[in-house]
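Atoms within a ligand are numbered from 1 in the order they appear, just like the ligands themselves. The structure displayed is predicted, hence computed values, not measured ones.
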Amino acid sequence: MTTAIEKACDILNKGDVVGMPTETVYGLAASIKNENGIKKIFAIKERPFFDPLIVHVSSQKMAKDLVTTWPTTAEILANNFWPGPLTIVLPKNKNVSELITSGLDSVGLRCPNHPVALELIQKMGHGLAAPSANKFTKTSPTTSSHVKEEFSDEVMVLEGGACQVGIESTVVGVENNIVKIYRPGDITRQDILDVLGSNNTNKVSVEYASSPVAPGQLQHHYMPEAPVVLTSDHKLADLDEKIVIRPAYWNVPKDPVLAARQLYSKFRELSKQKPSCIVVVIPNSYIRDESWRAIYNRLTKAASYNLLAKEHSHHSKVLD
Ligand code: TXA
Ligand code: MG
């Protein structure tokens with residue numbers, strides 16, 4: 001009998017894509033050795049070619065086979081956080097096509113902490129390129145049914161249960177003596193500093209930095225169907241009546257681990273009620289709290305109206 005994983009391998013080897021569970025969010029995977037599969041990711045996600053894909057590996061050995069250098073800092077990060085929600089960006093070698101990296105000479109690598117993903121990658125014997133399995137700029141999927149809703153029957157999805165982390169990996173670039181955090185995630189700046197700790201003889205610094213990828217073009221992201229309003233109280237002052245007429249509320253739970261896990265499924269669940277907006281109520285004190293940083297990052301990108309920042313932006317699709 002063919003197992004689901006064997007079937008997935010056949011599909012990948014034929015140049016098609018597969019929905020893959022990871023501990024962060026579900027990915028839409030293709031073999032890095034098959035250009036048709038890679039092209040299909042961009043096509044069905046409606047993702048622009050300027051946004052590079054990350055490559056998922058099942059071991060450090062597999063990662064080293066894709067880069068020109070494996071600095072000590074990368075080794076320490078991989079030893080401590082892999083398998084896990086950390087993507088490490090390093091100079092790529094010729095085994096990684098420019099289609100995957102959008103012409104950049106670097107590649108993002110991650111070893112996901114999910115038994116199904118690890119088994120699939122191991123069976124394939126090489127890396128799988130996989131972005132989150134959602135249409136470009138939309139909410140990431142945290143269950144297999146989210147992926148099926150997004151792509152209907154077009155895509156085979158491996159079942160892996162609900163994602164434990166719930167938001168995408170921390171993305172870091174490793175350059176000389178600096179670790180640059182391009183995207184905050186479950187692994188925080190402090191977590192990284194802690195593991196560099198006693199080994200940090202080269203005085204490696206850890207800094208938040210803007211991503212080298214098309215800055216400015218990726219401001220809006222993670223958006224559910226209904227426009228999101230961020231507020232610290234339940235007040236919706238100053239907003240157009242069309243927006244506030246039938247709000248759905250999500251009071252974020254006190255525990256950031258739970259909040260991250262629930263975030264995207266709440267977005268999807270509340271959107272189904274066809275509200276005029278989704279009001280996310282988050283206490284002001286959380287915004288300056290490091291453990292909320294990754295969640296706040298996703299919320300601000302998803303929000304059409306950020307009453308916390310007193311900045312209004314437009315959700316053109318809904319307002320048009
Ligand atoms: O948790 C995750 O990372 C999930 C699961 C499926 O592994 N994947 C994911 O992929 O979130 P995606 O494509 O939605 O986001 C990858 C991010 C993008 O923001 C992309 O710009 C950045 O990683 N990225 C990829 N390659 C890069 C590179 N060479 N340099 C800088 N940023 C890069
Ligand atoms: Mg994504």
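Of all atoms in ligand 1, listed by their number and element, those nearer than 4.0 Å to a heavy atom of Ser169 are 1 (O), 2 (C), 3 (O). Atoms of ligand 1 lying under 4.0 Å from any heavy atom of Pro131, numbered from 1 in the order shown and given with element: 10 (O), 12 (P), 13 (O). Here is the list of ligand 1 atoms found below 4.0 Å of a heavy atom in Arg110: 1 (O), 2 (C), 3 (O), 5 (C), 7 (O). Close approach of ligand 1 to Ser106 is summarised as follows: ligand atoms under 4.0 Å from at least one heavy atom of the residue are 28 (C), 29 (N), 30 (N). Each of the following atoms of ligand 1 lies closer than 4.0 Å to a heavy atom of His56: 5 (C), 6 (C), 7 (O). The atoms of ligand 1 that sit less than 4.0 Å from any heavy atom of Gly27 are 6 (C).
Between Phe136 and Phe50, the angle of the ring planes goes over 60°, which puts this pair in the perpendicular group of the 30/60° scheme.
A donor-acceptor pair under 3.5 Å is formed between the side chain of Asn80 and the backbone N or O of Ile76.
Of the heavy atoms in Arg47, only side-chain atoms (C-beta onward) come closer than 4.0 Å to ligand 1. Residue contacts with ligand 1, taken as heavy atom pairs separated by less than 4.0 Å, do not involve Met20 at all. With a 4.0 Å heavy-atom cut-off, ligand 1 is reached by no atom of Thr101.
Both tests do not hold together for Arg110 against Phe81: distance to the six-membered ring centre under 6.0 Å, angle to the ring axis within 45°.
In summary, the side chains of Thr87 and Ser169 do present a donor paired with an acceptor at a separation below 3.5 Å, with no hydrogens or angles considered.
Counting backbone and side-chain atoms alike, Tyr222 contributes no N/O/S atom closer than 2.8 Å to the Mg ion (ligand 2).
Residue contacts with ligand 1: Glu168 is placed with no nitrogen or oxygen under 3.5 Å of a nitrogen or oxygen of the ligand (distance criterion only). Polar contact with ligand 1: present for Thr24 (N/O pair, distance under 3.5 Å). For Asp51, a nitrogen or oxygen atom sits less than 3.5 Å from a nitrogen or oxygen atom of ligand 1, counting backbone and side chain alike.
How far CD1 of Ile88 is from CD of Gln60: 8.0 Å, rounded to the nearest 0.5 Å.
When the heavy-atom distances from atom 12 (P) of ligand 1 to Ala130, Ser132, Gly108, Ser211 are ranked, the shortest goes to Ser132. Residue Val213 holds the heavy atom nearest to atom 31 (C) of ligand 1 of all those in Val213, Val107, Val25, Thr22. Looking at Arg183, Lys92, Glu23 and measuring to atom 16 (C) of ligand 1, the nearest heavy atom belongs to Arg183.
Under the 4.0 Å criterion applied to side-chain N and carboxylate O atoms, Glu46 and Lys135 are assigned as salt-bridge partners. Electrostatic pairing of Lys274 and Glu225 counts as a salt bridge here, judged by a charged N lying under 4.0 Å from a carboxylate O.
A centroid separation of less than 6.0 Å is found between the aromatic rings of Tyr249 and His234. Note: Phe49 and Phe42 meet the aromatic proximity criterion, with ring centroids under 6.0 Å apart.
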